[in-house]
Amino acid sequence: MGGIGKTALAVEAAHQARGKGWFPGGTVFVDLRGYDDDPVTADQAVLALLDALGVRDQDLPPTTERQYDAYRELLAMRRERTLLILDNASDPSQYVPLLPGTAHHRVLITSRERPDALPIRLIDLEILDPDDSVALVKRALHDTDERDDRAAREPEALRELADLCGHLPLALQIAAGMLRRRRHRDIASLVTEVREAADPTSVLDGGSPGTDLYGRSLVLRPVLEASYRRLPADQARLLRLLCLAPGAETGTEAIAALADLDMEAALSLLEDLAATHLVTPVRGVAGSTDAMRWRVHDLVRVFGVGVVAGDAGLREEGEAARERVLAFYWRWADTADDRLQWVPGMGEPERFGDRAGALAWLDGERAGLVAAVGWAREDRFAEVGLRLAECLAVYLEWRRYFDDGIAVAQAAATAAQRSGDLDGEAGAWNNLGIALREAGRAEEAIEAHTRGRALYQATGERRGEAAAWTNLGNALQEAGRAEQAIEAHTRARDLYQATGERIGKATAWNNLGLALQEAGRAEEAIEAHTRARDLHQAVGNRHREGTAWNNLGNALRGAGRMEEAIEAYGKDLEICWEFEDWYGEGLTLQNLARAHEDAHRPAEARAAYLQAADSFTRANAPTEATQARTWAAELPD
């Protein structure tokens with residue numbers, strides 16, 4: 001990529017190689033200016049090379065053909081190994097005629113293009129590691145003035161500045177130069193300017209300190225513009241549209257939808273863009289149906305967005321592309337959600353033959369899906385964005401991505417409120433309450449569910465109202481208000497009974513049992529969980545049947561019926577394994593450990609706690625895993 005530091009690396013490598021005596025014949029450097037308006041041709045470069053080798057004036061052959069002959073003859077006769085650096089090439093025609101034709105000498109070429117058709121050893125350069133980015137700026141400040149302690153005083157600001165520069169060496173070099181010039185101001189002031197700018201390159205280029213060690217202007221935008229201008233029209237279009245994609249990394253299938261291309265055409269263009277280092281291929285989530293993903297550098301993305309924003313025709317092209325990818329995301333997220341909530345008797349969802357396939361697709365596209373919901377705040381995308389948000393609620397709760405769940409629900413609630421969609425707004429508040437409760441924010445969850453319930457009551461949507469009541473009950477119980485929770489779950493159960501919603505009724509019985517346990521009414525809780533288990537079994541809802549078994553085990557343990565409780569936990573563990581519900585498995589193993597403790601079996605309890613810790617680790621719940629290990633360690637031998 002332009003600005004990655006190719007020239008600096010080549011020159012540094014040459015200095016080190018000469019220092020080791022590898023090239024006693026010296027080094028010859030030619031800047032081919034491949035991305036200038038008037039690039040250096042091979043015919044022009046050969047004159048510079050002959051001059052460096054001592055052939056000039058009257059000794060210079062009169063024709064181009066004889067000049068090449070003289071150049072190759074000189075290299076063939078030159079006993080001392082020599083290194084040629086042909087810098088900044090944009091096309092093989094600039095350097096292929098200059099290759100020595102002998103293995104005795106070496107050539108180092110830098111380019112933004114990847115010449116895959118030539119038998120050349122390729123070294124791709126990526127952006128710097130974050131720690132190396134920070135070290136680069138820190139050293140630049142210290143080397144100029146060893147008394148400059150800003151980097152030590154403001155480590156967080158320096159790290160954020162490196163992030164804002166996209167860890168691109170050229171941007172970091174410019175930022176370091178600006179900090180040197182602004183030596184009486186703190187790093188945080190520059191961070192604020194760059195962060196608040198719509199285009200960071202405008203701040204960095206505006207404060208650029210001039211030229212680098214090679215006499216080149218320290219500017220970012222012209223580097224990006226030169227790379228973009230060289231692209232064929234179809235590649236330029238795809239790059240512009242990819243810069244509008246909602247996620248930092250996007251799968252090939254989603255990009256094909258964005259650009260209205262078939263998969264093969266999209267893949268071919270993406271590979272062409274990767275050869276110019278304007279996009280980077282990355283490996284997708286293991287097991288994903290769309291393993292190859294593509295990333296655009298942050299500064300390239302900002303540049304592409306600016307190109308689109310500056311032209312009315314390109315803006316409409318971009319809006320249409322966003323509509324297509326949003327529709328693509330909604331279609332398959334809806335199908336994946338159907339698979340996650342499937343029970344016997346429902347139609348078979350297309351594409352995803354099992355839960356694992358649906359989860360793999362959702363995992364791979366999660367960042368893009370969540371970001372795309374944010375588009376729902378724009379009128380053009382509100383309707384589909386709301387539908388997409390609803391499709392993600394179960395998945396985000398299942399994977400315990402509560403921050404994403406909160407962000408998605410908040411965006412959906414705002415969009416629905418603006419468009420006057422009361423049912424959509426009610427559903428968004430309900431989903432927001434679930435995510436808030438799971439994140440430990442019970443009082444906020446109560447408020448969200450109360451708002452959702454009121455909206456459902458206003459529209460007469462009784463099933464939605466029942467769901468709001470049961471989720472409100474869960475939040476009330478989390479807040480320690482058990483009697484109010486019992487009342488809410490009873491209202492939910494009665495509404496589900498009236499609407500004939502069996503799954504909802506089973507869920508309401510289960511949640512009622514939890515609230516009854518909290519209130520110390522163990523026998524009533526056992527009855528409620530038994531009713532929930534039987535209802536879930538009747539509709540074939542295996543996963544929720546497992547939850548009912550776990551909760552029944554807790555109620556039985558509370559009533560002192562340990563062996564029955566242990567049997568119930570075993571039933572749930574079988575179902576957790578079946579669904580790969582590692583968090584649920586961890587909770588059940590933890591409850592099993594407590595039952596063994598109550599039965600005075602410390603060895604069995606310790607084993608169950610340690611197994612729970614392993615399950616929580618698999619479920620990305622490190623706090624719970626640590627707590628389980630602590631409880632295991634506290635048990636007597």
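Residues Pro246 and Tyr329 form a side-chain contact, since some pair of their non-hydrogen atoms from C-beta on lies under 4.5 Å apart. The closest side-chain heavy-atom distance from Trp631 to Arg594 is below 4.5 Å.
With hydrogens and angles left out, the side-chain atoms of His167 and Glu126 include no donor and acceptor closer than 3.5 Å. In this structure, a donor-acceptor pair under 3.5 Å is present between the side chains of Glu597 and Tyr609. Side chains of Asp337 and Gln341: a donor-acceptor N/O pair is present below 3.5 angstrom, by distance only. Under the 3.5 Å distance criterion, with hydrogens and angles disregarded, no donor-acceptor pair is assigned to the side chains of Thr250 and Arg293. Residues Asp363 and Tyr395 bring a donor and an acceptor atom of their side chains to less than 3.5 Å of each other. If you check the side chains of Tyr569 and Arg557, you find a donor sitting under 3.5 Å from an acceptor. When only modelled atom types and interatomic distance are considered, Trp294 and Thr280 share no side-chain donor-acceptor pair under 3.5 Å. Side-chain contact of Gln517 with Asn554: a donor-acceptor pair under 3.5 Å is absent, judged by distance alone.
Under a 3.5 Å cut-off, the side chain of Thr470 and the backbone N or O of Ala467 do not form any donor-acceptor pair. Under the 3.5 Å distance criterion, the side-chain polar atoms of Asn551 are matched with a main-chain donor or acceptor of Thr547. Here the side chain of Arg324 pairs a donor or acceptor atom with the backbone of Ala257 at under 3.5 angstrom. Checking side-chain atoms of Trp332 against main-chain N and O of Ala336 turns up no donor-acceptor pair under 3.5 Å. Here the side chain of Asn591 pairs a donor or acceptor atom with the backbone of Leu587 at under 3.5 angstrom. Ser419 places a side-chain N or O within 3.5 Å of a backbone atom of Ala416 that can act as its donor or acceptor partner.
Of all the heavy atoms in Val296 and Arg301, the pair that sits closest is CG1-N, 3.7 Å. Across every non-hydrogen atom of Ala435 and Gly405, the tightest pair is CB-C, 3.9 Å. The nearest pair of heavy atoms linking Gly473 to Ala485 is O-CB, 3.3 Å. Here the shortest heavy-atom pairing between Asp354 and Arg339 reads O-CG, 3.4 Å. The two residues Val279 and Leu270 come nearest to each other via the heavy atoms CG2-O, 3.7 Å. Listed here is the closest heavy atom pair of Leu241 and Ala321: CD2-CB, 3.8 Å.
For Trp509 and His536, the gap between ring centers reaches or exceeds 6.0 Å.
Ionic pairing of Glu574 and Arg542 is not present here: no N-O contact between side-chain nitrogen and carboxylate oxygen is shorter than 4.0 angstrom. A salt bridge is absent between Arg437 and Glu447; no separation between the charged side-chain nitrogens and carboxylate oxygens falls under 4.0 Å. Salt bridge present: Glu160 and Arg195 bring a charged side-chain N and a carboxylate O closer than 4.0 Å. Using a cut-off of 4.0 Å between Lys/Arg side-chain N and Asp/Glu carboxylate O, Asp404 and Arg399 are scored as not salt-bridged. With respect to Glu378 and Arg418, no salt bridge is recorded, no charged nitrogen being found less than 4.0 Å from a carboxylate O. Note on Glu578 versus Lys571: no salt bridge recorded, every NZ/NE/NH1/NH2 to OD/OE distance being 4.0 Å or above. Under the 4.0 Å criterion applied to side-chain N and carboxylate O atoms, Arg481 and Glu443 are assigned as salt-bridge partners.
With Trp398 as the aromatic partner, Arg355 meets the cation-pi criteria of under 6.0 angstrom to the ring centre and within 45 degrees of the ring axis. In this structure, Arg502 fails the cation-pi test against Tyr496, since its NZ or CZ atom is not both closer than 6.0 Å to the six-membered ring centre and inside 45 degrees of the ring normal. Annotation: cation-pi geometry satisfied between Arg366 and Tyr401 (NZ/CZ under 6.0 angstrom from ring centroid, within 45° of ring axis). Figure legend: Arg380 and Trp375 shown without cation-pi pairing, the cationic atom not lying both under 6.0 angstrom from the six-membered ring centre and within 45 degrees of its axis.
Classified by interplanar angle (parallel below 30°, tilted 30° to 60°, perpendicular above 60°), the ring pair Trp361/Phe352 is tilted.
Other residues, nucleotides and ligands contribute only 12 or fewer heavy atoms inside 6.0 Å of the CD atom of Glu487. Residue-environment remark: CD (Glu567) stays at or below the threshold of 12 foreign heavy atoms within 6.0 Å. Other residues, nucleotides and ligands contribute only 12 or fewer heavy atoms inside 6.0 Å of the CG atom of Asp403.
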* **Candidate pair Arg387 and Glu383, rule salt bridge (charged side-chain N to carboxylate O under 4.0 Å, His left out), full reasoning** => CA-CA 7 Å; Arg387 293 176 184 171; Glu383 182 180 355; 2.4 Å; yes
